Amino acid sequence: MQAEQAELSSCSPLQGHTGSVFISVQFQLHSAMFRKAALLAFSLAAIVHGQQAGTQTAENHPQLSSQKCTAGGSCTSASTSVVLDSNWRWVHTTSGYTNCYTGNEWDASICSDPVSCAQNCALDGADYSGTYGITTSGDALTLKFVTGSNVGSRVYLMEDETNYQMFKLMNQEFSFDVDVSNLPCGLNGAVYLVQMDQDGGMSKFPNNKAGAKFGTGYCDSQCPQDIKFINGEANIVNWTTSAGDANSGTGSFGTCCQEMDIWEANSISAAFTPHPCSVNEQTRCSGADCGQGSDRFDGICDPDGCDFNSFRMGVTDFYGKAMTVDTSQKFSIVTQFISDDGTSNGNLAEIRRFYVQNGKVIPNSNVQITGIDTMNSITEDFCTQQKSVFGDTNNFAAKGGLQQMGEAVKNGMVLALSLWDDYAAQMLWLDSDYPTTSDPSSPGVARGTCATTSGVPSQVESQDSSASVVYSNIKFGDLNSTFTGGSVSSSPSSPAGPPVTSAPSQPSQPAGTAAQWAQCGGTGFTGPTVCASPFTCHVLNPYYSQCY
């Protein structure tokens with residue numbers, strides 16, 4: 001959607017991540033989805049992804065340990081690993097080395113129809129460190145921006161050799177450490193969840209013989225149509241080559257699913273964003289259902305989502321180098337998915353965020369925008385108010401809002417970790433004034449301190465080729481079980497410890513008591529320590545106690 005910027009509402013965030021791009025020996029990048037920037041380059045001409053499992057290069061997944069935690073902070077390590085997305089891989093004929101796709105056109109002698117093309121094309125293994133700059137060490141994953149001719153990458157966390165790790169996070173939390181100190185303007189280190197099939201679609205679609213082992217089955221809330229194989233078939237029907245990129249094109253079909261952007265960030269700005277869809281599994285779309293162009297808000301999914309970017313929410317000194325969350329150093333990010341009844345079967349009511357750095361638990365910043373309640377988490381009220389104040393179409397509510405997003409959170413999602421630059425919008429939607437034609441003083445336009453001339457991919461790739469991001473210490477489990485901290489750094493209007501800003505509504509309680517799910521203790525806490533009947537106060541860690 002390279003030319004669709006003018007069709008967006010004036011301040012709508014552009015969310016999502018594909019990297020289904022195809023690079024020639026000139027290493028040109030493209031984005032066939034608006035704000036879906038190029039994530040890769042590969043040294044072979046006309047590289048595509050397919051559905052058969054090749055044997056030319058062995059596929060060895062780099063090990064990346066993770067931990068599952070329970071109340072009280074007891075964590076168990078798992079021998080997980082990462083796999084490179086199939087979009088990054090060389091695909092050739094099953095009988096040899098002939099490419100299935102050249103330039104921006106299919107080889108009709110191999111790919112005469114969608115099914116035969118998928119049957120004739122084989123997907124091979126990857127040289128993770130040598131070609132893509134992807135390395136692991138213990139619980140740490142490093143993604144380099146430019147490695148030789150390769151630009152960016154995306155990987156998924158694997159439970160075993162043939163299955164993605166599924167995260168079911170309702171009334172749970174997810175945390176990880178990140179070092180974004182080497183990510184300047186125009187780059188995005190993204191950690192997000194998508195509702196992909198655990199086996200990459202292998203069991204559903206008989207022509208997909210590669211499966212999760214080779215990183216197949218991608219989908220997201222942008223319903224990308226530049227994916228070359230969807231549902232085990234080649235996306236060659238009405239394939240249209242790009243007028244501006246000799247290596248890209250789009251087919252009739254896209255691939256949609258719910259997406260939870262836990263982390264989109266560089267050293268200047270950061271955002272977290274849920275994107276609900278009207279479907280509860282990976283779904284192939286066509287026509288208006290894909291939500292492209294003038295059909296943007298008629299599609300299966302919400303492409304904008306409901307984002308929380310501290311700078312965009314009026315707090316300009318919270319996130320950045322030498323700020324409250326100091327991006328010149330490593331820090332932890334904790335995201336909690338709070339249900340309306342305090343169980344894993346409830347509806348998603350709130351997404352909470354806080355940070356841990358240098359032994360301090362740092363609550364997320366509070367909104368400082370007139371017309372939006374002072375809060376520091378994502379709730380339905382926050383999203384409704386934000387859309388109204390920013391003048392954005394509330395497609396988030398139209399697609400079911402947090403409750404619909406919660407269905408994916410309950411049923412299970414796949415973890416993606418990536419590093420990319422943005423050929424569509426120069427990452428200005430994340431770290432600068434966007435849209436550039438709007439008044440920066442208008443609510444929601446200013447998103448970071450980067451210049452509106454920054455983020456040009458050709459410049460970023462040459463001037464910041466040594467950029468990188470490090471993700472480590474991935475943990476998930478019971479609320480308040482994945483982190484520890486010393487003294488607490490609190491924003492003026494937030495309680496000390498992990499923020500409880502807008503817990504699900506409760507009946508009125510006697511004065512001096514804390515409601516169900518409310519904070520009732522912890523280092524520095526000054527509120528009520530007695531819970532309303534019949535609830536009791538439970539110590540979850542030294543900094544946070546909760547009524548239930």
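Keep in mind that what you see is a predicted model, and the values were worked out from it rather than measured.
- The cationic atom of R353 (NZ for Lys, CZ for Arg) lies less than 6.0 Å from the six-membered ring centre of F272 and within 45° of the ring axis.
- In this model, no donor atom of one side chain and acceptor atom of the other lie less than 3.5 Å apart for Y434 and Q426.
- Aromatic ring centres of W90 and Y132 lie farther apart than the 6.0 Å criterion allows.
- Across the pair C256 and C223, the gap between the SG atoms, which is the quantity tested here, stays under 2.5 Å.
- Applying the side chain to side chain contact (heavy atoms under 4.5 Å, CB included) test to Q165 and every residue at least two apart in sequence or in another chain returns T80, L157, E159, F167, F476.
- The residue from D124, N99, T98 that alone fulfils the side chain to side chain donor-acceptor pair (under 3.5 Å) condition with H92 is D124.
- Under the salt bridge (Lys or Arg N to Asp or Glu O under 4.0 Å) criterion, K168 pairs with no residue, sequence neighbours left out.
- Residues F396 and L402 form a side-chain contact, since some pair of their non-hydrogen atoms from C-beta on lies under 4.5 Å apart.
- A donor-acceptor pair under 3.5 Å links the side-chain atoms of Q198 to the main chain of Y164, judged by distance alone.
- A side-chain donor from one of N480 and Q336 sits under 3.5 Å from a side-chain acceptor of the other.
- The closest donor-acceptor contact from the side chain of D85 to the backbone of W88 lies at 3.5 Å or more, if one exists at all.
- Listed by chain and number, the residues in a side-chain hydrogen bond (donor to acceptor under 3.5 Å, both in side chains) with T70 amount to none (sequence neighbours excluded).
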